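Both ligands and their constituent atoms are indexed starting at 1 by order of listing. No experiment lies behind these values; they were computed from the predicted model shown. Because only heavy atoms are used, hydrogens play no part in the values below, and waters and symmetry mates are left out as well, while side chains stay in.
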Amino acid sequence: MNISTINFDSFQKLKDDDCQERIIKAKKTLGKDLLILGHHYQNEAVYRHADFAGDSLKLAQHVQNVEAKYIVFLGVHFMAEVSDILSRDNQITILPDLSAGCSMADMANLAKVERTYREISKVLDFDEKITPVTYINSAADLKAFCGEHQGIVCTSTNAPKILNWAFKQKEKALFFPDQNLGRWTGYKMGIPLDKMPVWDPDLPLGGLTEKQIIESKILLWKGHCAVHQMFRVESIKDFKKNYPNGNVISHPEAPFEVCKNSDLVGSTEFILRTIEKADPGSEWLVGTELNLVNRLAKEMKAEGKLVKFMSHVICECSTMARIDPQHLAWTLESLIKENPVNIIKVPQKEADLARLTLDKMLEVS
Ligand code: 13P
Ligand code: SF4
């Protein structure tokens with residue numbers, strides 16, 4: 001460890017208010033050398049410091065135009081990896097807490113995806129028949145896998161366009177790691193549910209028969225978001241009973257039946273913009289992460305709109321929540337000492353392959 005590295009221990013004991021002051025001061029000192037990017041699920045205590053906020057697509061698009069030397073990412077690991085891949089070589093991406101991962105992204109890994117490739121290849125020629133499509137919520141080595149196999153990345157915003165592109169290349173798609181986004185997108189494109197079987201990477205042949213694989217249009221990886229999995233159709237029914245003119249809007253990571261019973265389905269950015277543009281007096285039930293919904297409910301109350309959270313239990317992205325004011329203050333003050341901590345650096349070969357698929361995604365969207 002470098003002698004001037006600042007230890008996190010002293011920050012852990014700081015009160016939130018003290019951190020807030022130190023963050024503001026550090027931002028002033030770093031000036032144009034720093035840009036803080038934030039995902040909509042971050043809680044208010046750090047979100048307020050973001051210079052630019054967005055959904056995964058908007059953040060990926062924005063990072064390419066950033067001039068700052070340091071990009072501090074208020075989000076989860078895969079988002080910081082995308083930032084590192086899409087930013088210039090002389091820029092540094094920092095994730096304030098390295099344990100801020102995405103539990104859904106962790107449901108697929110390279111060993112399992114490569115085994116899947118070998119298993120499917122027993123039944124058909126994978127590279128001839130299948131476009132691998134990875135949700136951006138995945139590790140960089142899975143994006144690199146897609147780069148090696150003429151595949152592509154998608155986000156919740158562009159999934160329909162990306163799947164359309166995928167089907168122009170090959171007959172079928174392998175969609176990982178979120179089965180819900182894959183199923184909902186395929187369903188909206190008119191693909192019958194039985195043509196989208198779930199591939200369980202822990203079972204021989206994914207737990208499917210050869211016939212199912214041959215007849216499939218999309219093989220859906222057995223993965224999901226633990227946060228969005230909590231939403232229930234019953235909550236929608238209750239809301240509609242109490243607010244007959246109310247609207248229901250959900251993220252496509254929510255279970256299929258929830259999406260089917262929602263009036264609108266889309267990314268976090270879509271949810272925010274739709275409700276912001278809605279008429280005063282309108283009522284909304286929102287099926288996505290709690291921090292976003294709480295912030296929106298507060299902002300929209302001032303405009304006479306009612307925004308309610310879809311669940312009675314707390315559905316917070318606990319990994320996003322690891323980015324707290326203590327970690328943010330620590331990483332910023334380390335930058336002032338010119339001793340960055342928590343740098344996210346994707347190995348070059350992997351980054352080059354992953355960049356292929358990300359560039360393709362940005363082009364198609
Ligand atoms: P968005 O791209 O819609 O922001 O989704 C990212 C995410 O992780 C949702 O759980
Ligand atoms: Fe991952 Fe779910 Fe958190 Fe989104 S809400 S970052 S999918 S764990």
Could you tell me whether the side chains of Glu253 and Tyr135 share a donor-acceptor contact shorter than 3.5 Å?
yes
Please list, in number order, the atoms of ligand 2 under 4.0 Å from a heavy atom of Cys102.
1 (Fe), 6 (S), 7 (S), 8 (S)
Side chain, backbone, both or neither: which part of Thr268 comes within less than 4.0 Å of ligand 1 when only heavy atoms are counted?
both
Does Lys170 qualify as a cation-pi partner of Phe126, given the criterion of NZ or CZ under 6.0 Å from the six-membered ring centre and within 45 degrees of its axis?
no
If the threshold is 4.0 Å, N to carboxylate O, is there a salt bridge linking Glu303 and Lys305?
yes
Identify whether NZ of Lys or CZ of Arg in Arg22 sits under 6.0 Å from the centre of the six-membered ring of Phe11 and within 45° of that ring's axis.
yes
Can the ring centroids of Phe309 and Phe231 be said to lie less than 6.0 angstrom from one another?
yes
So which of Ile218, Asn158, Ile191 actually passes side chain to side chain contact (heavy atoms under 4.5 Å, CB included) with Leu163?
Ile218
Using modelled atom types only, decide if a donor and an acceptor are shared between the side chain of Asp51 and the backbone of Ile36 within a distance under 3.5 Å.
yes
Region of Glu253 that comes within reach of ligand 2 [heavy atoms, distance under 4.0 Å]:
side chain
Ligand 1 to Ser267, heavy atom cutoff 4.0 Å, flagged ligand atoms 3 (O)
Atom 3 (Fe) of ligand 2 contact by Cys317, N, O or S atom under 2.8 Å
yes
Between Lys237 and Glu234, does any side-chain N to carboxylate O distance fall below 4.0 Å?
no
Side chain or backbone of Val76 under 4.0 Å from ligand 1, or both, or neither, by non-hydrogen atoms?
neither
Can a salt bridge be assigned to the pair Lys161 and Glu363 using a cut-off of 4.0 Å between side-chain N and carboxylate O?
no
Would you mind listing which atoms of ligand 1 come within a distance below 4.0 Å of any non-hydrogen atom of His228?
10 (O)
Those residues at least two apart in sequence (or on a different chain) that pass salt bridge (charged side-chain N to carboxylate O under 4.0 Å, His left out) with Glu171 are Lys129
Tell me the protein heavy atom at minimum distance from atom 2 (O) of ligand 1, and give that distance in Å.
Ser56 OG, 2.8 Å
Answer side chain, backbone, both or neither: which part of His39 comes under 4.0 Å from ligand 1, heavy atoms only.
side chain
Ignoring angles and geometry beyond distance, decide whether His251 reaches within less than 3.5 Å of ligand 1 through its nitrogen or oxygen atoms.
yes
Applying a 4.0 Å heavy-atom criterion (strictly less than), which segment of Asn137 is in contact with ligand 2: side chain, backbone, both, or neither?
side chain
Quick check on contacts: which atoms of ligand 2 are under 4.0 angstrom from a heavy atom of Cys225?
2 (Fe), 5 (S), 7 (S)
Nearest protein heavy atom to atom 8 (O) of ligand 1, by residue and atom, and its distance?
Asn137 ND2, 3.0 Å
Please state which protein non-hydrogen atom is closest to atom 9 (C) of ligand 1 and give its distance, to 0.1 Å?
Glu253 OE2, 3.1 Å
Is atom 2 (Fe) of ligand 2 less than 2.8 Å from at least one N/O/S atom of His228?
no
Within 45° of the axis and under 6.0 Å from the centre of the six-membered ring of Tyr117, does NZ or CZ of Lys112 qualify?
no
Counting from 1 in the order shown, the ligand 1 atoms closer than 4.0 Å to a non-hydrogen atom of Tyr41 are 7 (C), 9 (C), 10 (O)
Which of the numbered atoms in ligand 2 are below 4.0 angstrom from a heavy atom of Ser103?
8 (S)
